[in-house]
Structure formats: C-alpha cells, structure tokens
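Keep in mind it's a predicted model, so treat the numbers as computed, not measured.
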Amino acid sequence: MSARRSAMFLSAVALAAALAAPAAAPAQDEPETDAGAAEEATPAAAPAGARSATSAPPMAVPADFGGSLQVVRAPAGTAGAAASGGGPEIFPDARRVWMSVRDTDPVPIEAARRGGRWLCSGGGCAAQTGDPGQSPIGDQILRSIKLQTPTLPLPLTVWGRLSEDGQRLLDFDPVLLGRRSYRHVCAYRPVAPVDEAARSPAGAPGVPAASPRGNVDRVDACRDGRPEPPPPDAGELTLGMQWPRQSEMADFHYLAIVDSCGNARVQPFQRTFTVPVLEVASGGCGRPDGKVLRVFPGGGWLRVTAFNLHEPAAGNVVNATYRVTIPPLENLVESNPARLLFPDPLADDLKVDCGPTPVAPRADPGSAPPPGSARPPGPMGPAAAPGGPAAAPPGASAPPRAAAGQPRGGPGTRPAGARQGPPAAASTAAQGGLPPQAGLPPPRRAPDADPSRPGPQPLAHGAVVISPAPLRLGNCRIRLTGQTKHRLVAPLALHVSLTRTDQLRGGAPIELLQDGTWIVTPSSAEFPLPPLAEDFDGDARLRLAVHSDPLSPQGKVVLLSDAGRVASSLRSTDPGDPERARRLVGSVAIHSVPLCGEDNFETLEAAGSCFRAYLTVPAMLATLQITRAPWVEKPLVTRSVLSAVGVALAIDRYDPVERRAFPVAAQLGGFVQTLGEGRVGLLGYVGVAPTVPILGSGGNTTSFGFLAGIGLEYITNEAGPDEGLKPAAFLSAVVQVGQAAPQISTSRSASFGTYAGD
C-alpha cells in the first residue's frame with residue numbers, strides 16, 4: 001500500500017515539473033535587473049487627470065505605422081520610467097519650439113519636456129526614422145480647411161472638396177479677411193540650456209520665463225488671458241484632420257501638432273480633430289510664440305505626433321509622427337483661380353450722395369483706423385502677428401528690421417513667392433498718423449461739409465427725400481466707404497437697380513437703369529447714377545438697391561455671405577443664372593418731390609417739417625368786401641361776382657411723404673378788381689386761403705375755397721376823379737390754379753426749380 005502511494009506521489013511531481021517547464025523558458029530571455037534598478041524603473045505617481053501607468057492591452061488587430069516620419073519604441077515590457085537620463089523627446093524638437101497646451105493638464109507634459117520623468121526619460125527608447133519626404137498616408141491626415149467668422153452661422157470650407165479627377169481644390173482664398181487675435185493664449189518657452197536660462201530675463205505677461213533643461217522641481221500651469229472681442233470680419237482658419245486608419249487602434253493619449261516656424265500645439269488625442277492656424281499673408285515666420293500655428297499662402301507642412309507619457313500605445317510604441325502637407329492657400333497657376341473672400345459691407349459703408357464732388361478724397365469717419373490701432377489685414381500692407389509683442393510706447397526705439405515694415409507673422413525674411421505689400425512709407429502714410437515725406441506737397445483736403453445741410457445717406461433699407469433736380473442732372477452717385485475697402489486688391493462685382501414703384505409697366509415696377517453693373521476697386525469705388533429723363537417726373541417714388549453679383553465673370557471677389565451658397569456653382573462647368581445668385585446688400589426708398597428738399601438727400605425725419613412757397617392765380621367767384629373808407633363811404637358792404645383776378649405768392653407746410661399740405665396757406669398778392677360805375681381797383685393784400693386740392697395731388701395746388709385778407713387799394717375812375725389809396729378788407733370765394741415754384745425748407749436754405757409734372 002505504501003509503495004503504491006509512493007508511486008502516485010512521484011508521478012504527480014513529474015507531471016507538475018512538465019507543466020511548469022514551458023512557462024519558465026520565456027522568463028530566461030528577460031534582462032536581469034538588480035533591486036535598485038527595478039526600484040528606479042517604478043513609475044512616479046501619475047498627476048491628476050493622467051492615466052495610470054499600466055501596460056497596453058493586447059490588440060486584436062496590430063497597428064500599422066507605415067508612412068510615418070518617425071516612430072519611438074520602448075523596450076518590450078517597459079511600464080515606467082527611471083530618473084532623467086537623456087532619453088528621446090516626447091515629440092520631435094520638443095525642446096526647440098514654443099508649446100501651448102489645450103484642454104488637458106499642461107504640467108506633466110511641460111515637466112516631461114524639461115527632462116522630467118516619463119516613459120523614455122531613463123533611456124532605452126529608440127527612434128526609428130521613416131521616409132523623411134512627403135508621404136501619401138501623412139497627407140491624407142488633412143481632410144479639410146474651414147473658415148469661421150463671427151458673422152458666419154456655420155464654418156465655410158475653403159479647401160477639401162473633390163474635383164472630377166479626385167483632387168482636392170481650393171474654393172476660396174481668405175487672404176483679404178481679418179485675422180483673429182491669439183494674444184491671450186499662454187505658451188511655454190523652449191527649454192533653454194542652464195547658462196542661457198540664467199541670463200534670460202523674465203517672460204512677458206502670460207508667458208513663463210525660460211527654464212533650464214532638467215529643472216522640473218516646479219512647473220507652473222500656463223493660464224490664458226482674456227481674449228479680445230473679434231471684429232465681424234475676423235476669420236479663423238481651422239484644419240480638419242483624421243488620424244490614419246491603419247494606426248487608429250493604438251491607445252495614444254496626446255497629440256502634438258508642430259509647424260515649420262517653431263510653434264507647437266498639444267491637445268488630447270482624438271482620431272478626428274481640428275487645429276486653428278493663422279495664415280501669414282506676407283513675410284516669413286517671424287518670431288515664434290506658440291500661441292497659434294502658422295501656414296503660408298504658398299503652402300507648407302506640419303508634423304502631427306501622437307504620444308504617451310507613462311505607457312506605450314501599441315506594443316512598445318511610445319509616439320508616432322507623420323508629415324502633413326499643407327496646400328497653397330492661393331492659386332497662381334490656374335487660368336480660373338479661386339476667388340478671394342471679402343467681408344460684407346456694413347450698414348453705413350454703402351452711401352448715396354447727390355452733393356458736390358469733393359476736390360480731393362476726404363477720409364470717411366469709418367475709413368481711417370482709430371489712433372494706435374493695428375493696420376487692417378490683407379496684402380495691402382504688413383501687420384503685426386497675433387500674439388506678438390505689444391506696440392512700443394511713444395519714444396521707444398524701434399526693434400531691428402522695423403523700419404522696413406514688419407510682416408504679418410512678425411519680423412523675418414520674406415520667402416520667395418510671398419505676397420508683396422506696399423512700401424513702408426506708403427503704409428504709414430495711409431494710416432494718417434505720420435506726416436508726408438519731405439519734398440512732397442501735402443495732400444489736398446476737401447472742405448468740411450456743413451452739418452446743417454443734408455448729406456450722404458446710407459443704404460440701410462430706410463427712406464430719404466430729395467428734390468428732382470439732382471436726379472435729372474445726373475449729380476447722384478453711390479459710394480463704397482469704410483476701412484475694409486482698402487484691402488480690395490481684386491475687382492468686386494455688384495449690381496445696382498433703380499426702379500420706380502409708384503407707377504407700373506406690365507404689372508411690374510419700371511426699371512430706370514439700363515446697365516447696373518458696378519465693378520468696385522480701391523481706386524474706383526463710386527457708381528454714378530445716369531441723368532433720369534424717361535419715365536421720371538418731379539413727383540416719384542424710387543427704390544435704389546445694391547445686390548452682390550458673385551457669379552459675374554468680371555468679379556474676382558466673393559462676399560462672405562455669398563460664399564457658402566455659390567461654392568458649387570463657382571466650381572461647376574455650368575455656373576447657372578447669375579441673376580438668381582444675387583443677394584440684396586443695401587437699399588433705400590427715395591421720395592422725389594418738386595416742392596421740398598435740398599440739393600442732397602435727407603431723411604424723412606429731417607424733411608417732415610418743410611415749407612413751400614409757390615405762385616398761384618386766384619379768381620374771385622364772389623366777393624363780400626368792406627368799403628375802402630368806412631368812415632366816409634356808404635354803403636359799407638358791396639358784392640360783385642367774377643369781379644377780380646390776381647396773382648399771389650402762397651406759403652404753406654407740405655408733407656412730401658404723405659403728399660399732403662396743411663389746409664391753410666398764407667398769401668401775399670394783388671387783385672385787379674372791377675368795382676362798377678367805371679371804377680377799377682388795384683388791391684394789394686395779405687390773407688389766408690385753403691389748400692385742399694380739387695384737381696391732382698402733391699405739387700398741384702388747384703383748389704377751391706375762401707380767401708380772406710386785408711390790404712390797401714388804389715381806385716381809379718373813368719367818369720370822375722380818382723379816389724386814391726384807401727384801406728380795404730374782403731372775404732371772397734375763389735378758385736386758385738397752377739404754380740411756378742420757388743421752394744424754402746426749414747433748413748434755412750432755398751433752391752429754385754420749375755414743376756414739370758403731368
């Protein structure tokens with residue numbers, strides 16, 4: 001029995017040894033580490049918000065990093081980092097670029113960048129370099145380029161639509177738009193050597209001072225400042241990207257996007273993500289600041305790196321970098337290049353004016369920028385880069401290269417093919433803050449307009465009043481004003497219509513303009529209205545409207561509000577009907593009246609109190625007249641029918657909008673009376689009479705009513721001696737016909753004309 005038990009025990013021991021042998025074999029391949037090394041390899045406590053340092057879970061489908069620029073791998077089985085030992089950087093050139101961190105804790109990332117503990121800080125990680133050139137897999141990361149402004153309800157795609165041959169096209173060039181300010185963004189400086197960091201001064205507000213490499217005792221979180229309110233035309237370019245599908249199964253935690261100018265943006269890893277960028281319209285990169293990534297009109301590239309800090313992503317992969325080509329944001333090759341985007345005119349930018357043309361162009365109130373403000377963006381001149389240094393105070397010395405004009409991206413060398421701005425002297429003179437150059441005559445200035453007189457009125461969908469004379473003579477014009485007009489370096493097509501709305505032809509308003517095409521350029525921003533003769537009289541209602549014309553072959557600029565709905569038509573071989581693509585930009589209703597108004601437009605409120613003076617011919621139907629000398633003559637009352645005809649200057653108050661006059665008018669005139677018995681009287685009087693019209697309306701004053709007045713009358717007598725000059729008073733029933741109109745308004749000025757109505 002005991003022998004049987006001994007045999008069973010030996011068999012069990014042998015089976016256990018056989019089962020344990022396969023598991024022990026791989027353990028012999030692991031590197032031998034002593035206790036101290038194992039303790040140093042233990043990862044440090046993860047900061048708040050960071051993932052725990054555990055090994056990556058097994059993947060059903062292995063990640064493929066083909067086409068990458070660089071892949072950093074850790075030794076197999078590495079789960080933590082030792083003390084700083086000079087391992088690879090967390091992403092390429094991390095110690096030579098400015099870095100901003102968004103939507104995640106920046107402290108562990110900045111600490112690792114300075115040389116603190118992370119997965120590869122203790123050494124052992126190896127960087128495998130791939131193809132350094134352009135990679136189709138990397139280029140496919142960029143999916144779209146969109147533009148967003150405060151006035152756009154949805155982002156506008158400016159690049160990313162596919163052509164018939166499968167190539168992505170540039171739909172719009174955004175260079176003429178404003179640039180959003182990124183000065184509030186806080187960024188970390190590059191990690192400097194110990195001796196350089198000791199000599200470097202403290203950083204600017206919102207920017208930490210330079211830190212020596214390896215100094216990780218204290219890392220302050222970088223806090224953003226208060227953002228500036230963006231103007232309506234401030235555009236923000238956004239790159240839409242998608243991580244390669246063959247490596248999307250890797251469990252990365254962070255993304256670092258680095259431009260070619262030394263700026264980096266770090267954000268949490270997402271397989272589909274967006275990145276804001278700034279287009280540098282002229283000049284080079286300028287001084288890097290890490291606040292925003294730079295792209296160029298001529299194209300460029302970015303490096304997109306997905307990385308981890310405390311655990312590998314897939315197997316032993318720590319980070320992977322792809323090179324992404326950024327397409328040109330301008331098209332100088334095709335015969336039909338992408339059209340330029342332009343901000344919509346403001347309500348006061350389009351104005352109609354009938355006053356005298358100034359001798360020299362005068363700065364409009366909204367045309368010049370306020371003192372101390374930055375120059376408007378666009379290729380018209382260089383400007384400071386968002387996030388760059390603030391303007392120097394008066395008296396401060398200019399930095400190097402400032403005299404030659406600082407480009408949009410900051411000081412630097414202008415690359416070949418970049419857009420050329422105007423000379424520095426011209427750009428400073430355009431701002432109005434510097435005197436003209438020596439040897440040049442000062443520019444002529446137009447005389448200041450009289451504020452008491454009517455002036456230009458905006459096409460803000462309101463109503464104005466004017467006399468018909470300037471419209472008949474062709475003295476009226478539409479002007480495009482405002483600061484943004486100076487950026488217009490390509491023709492902008494608009495369409496002008498002037499219709500008469502109080503009369504119809506074929507059931508539709510009468511169009512008074514045969515050709516309303518208006519091509520706007522910075523040197524020609526006026527549209528003259530032709531003299532109106534046909535289908536126009538002195539009492540008319542007109543509607544002046546300006547429409548955008550985005551599909552016009554003569555225009556190369558598209559307004560922002562039109563871009564989204566005409567993008568497909570601009571790229572189509574059949575662009576469609578240009579008239580249907582037009583959009584109303586500004587309009588005004590014009591009340592043209594013969595007896596009220598000035599030589600320029602005025603608002604209805606200003607024209608509501610209007611006095612008119614006109615000539616009328618009263619004919620007395622019956623007269624009840626008090627005798628000329630009641631203390632001498634009898635009877636005191638005499639009556640006569642159709643005994644007098646006269647002429648008088650009548651003054652009344654007229655509403656040009658309602659076409660209605662005050663029912664009583666004052667008159668200054670005279671009569672020739674037949675008094676009977678061979679007597680004829682010449683009566684001069686001052687009186688009052690009604691103005692209720694019985695024929696016509698508006699300027700027609702033919703009326704019937706009573707006329708009462710007092711005055712002096714000289715009586716001659718064919719049968720005896722003249723009776724001489726005597727006082728008189730009368731009350732007559734009269735009919736008043738016609739007018740020939742001088743006109744006077746409450747603005748204490750007068751103009752004269754003749755009514756030429758039906």
Answer yes or no: is there a donor N or O on one side and an acceptor on the other, between the side chain of [X] and the main chain of [Y], under 3.5 Å?
{"X": "Thr481", "Y": "Asp349", "value": "yes"}
{"X": "Arg339", "Y": "Gly555", "value": "yes"}
{"X": "Asp171", "Y": "Trp159", "value": "no"}
{"X": "Arg487", "Y": "Leu176", "value": "yes"}
{"X": "Gln457", "Y": "Gly455", "value": "yes"}
{"X": "Arg265", "Y": "Asn263", "value": "no"}
{"X": "Glu511", "Y": "Leu498", "value": "yes"}

Between [atom1] on residue [X] and [atom2] on residue [Y], distance to nearest 0.5 Å:
{"X": "Leu529", "Y": "Leu513", "atom1": "CG", "atom2": "CG", "value": "6.5 Å"}
{"X": "Leu156", "Y": "Leu341", "atom1": "CG", "atom2": "CG", "value": "6.0 Å"}
{"X": "Asp549", "Y": "His547", "atom1": "CG", "atom2": "NE2", "value": "10.0 Å"}
{"X": "Trp518", "Y": "Leu480", "atom1": "CH2", "atom2": "CG", "value": "5.5 Å"}
{"X": "Arg472", "Y": "Leu532", "atom1": "CZ", "atom2": "CG", "value": "9.5 Å"}
{"X": "Leu488", "Y": "Leu340", "atom1": "CG", "atom2": "CG", "value": "9.0 Å"}

Identify the two heavy atoms, one from [X] and one from [Y], that lie closest to each other, and give their separation to 0.1 Å.
{"X": "Arg183", "Y": "Glu228", "result": "CD-OE2, 3.9 Å"}
{"X": "Leu570", "Y": "Pro550", "result": "CD2-O, 3.8 Å"}
{"X": "Tyr182", "Y": "Val277", "result": "OH-O, 4.1 Å"}
{"X": "Asp173", "Y": "Val175", "result": "OD1-N, 3.2 Å"}
{"X": "Pro468", "Y": "Val593", "result": "CD-O, 3.0 Å"}
{"X": "Cys354", "Y": "Ile466", "result": "SG-CD1, 3.6 Å"}

**Message:** Arg580: which residues meet the side-chain contact (heavy atoms from CB on, under 4.5 Å) condition with it, sequence neighbours left out?
**Reply:** Asp577

Check: [X]/[Y] side-chain N/O donor and acceptor closer than 3.5 Å:
{"X": "Gln503", "Y": "Arg505", "result": "no"}
{"X": "Thr149", "Y": "Thr151", "result": "yes"}
{"X": "Lys146", "Y": "Thr157", "result": "yes"}
{"X": "His591", "Y": "Arg541", "result": "yes"}

Check this for me: does any side-chain nitrogen of one of [X] and [Y] sit under 4.0 Å from a carboxylate oxygen of the other?
{"X": "Arg583", "Y": "Asp344", "answer": "yes"}
{"X": "Arg500", "Y": "Asp502", "answer": "yes"}
{"X": "Asp259", "Y": "Arg294", "answer": "no"}

**Prompt:** Quick one: salt bridge (charged side-chain N to carboxylate O under 4.0 Å, His left out) pairs with a partner in residues 234-244, sequence neighbours left out?
**Reply:** Arg180-Glu236

**Item:** Partner set under ring-ring contact (aromatic ring centres under 6.0 Å, His included) for Tyr322, not counting sequence neighbours
**Value:** Trp243

**Message:** Checking Ile590 against Phe601 for the side chain to side chain contact (heavy atoms under 4.5 Å, CB included) test, could you report, in this order, the C-alpha distance in whole Å, the side-chain angles of both residues, the deciding distance, and whether it holds?
**Reply:** CA-CA 9 Å; Ile590 300 176; Phe601 290 100; 3.7 Å; yes

**Asked** Are there more than 12 heavy atoms of other residues, nucleotides or ligands under 6.0 Å from atom CZ of Arg565?
**Response** yes

**Prompt:** Under the criterion side-chain contact (heavy atoms from CB on, under 4.5 Å), which of Ile326, Val304, Ile141 is the partner of Leu239?
**Reply:** Ile326

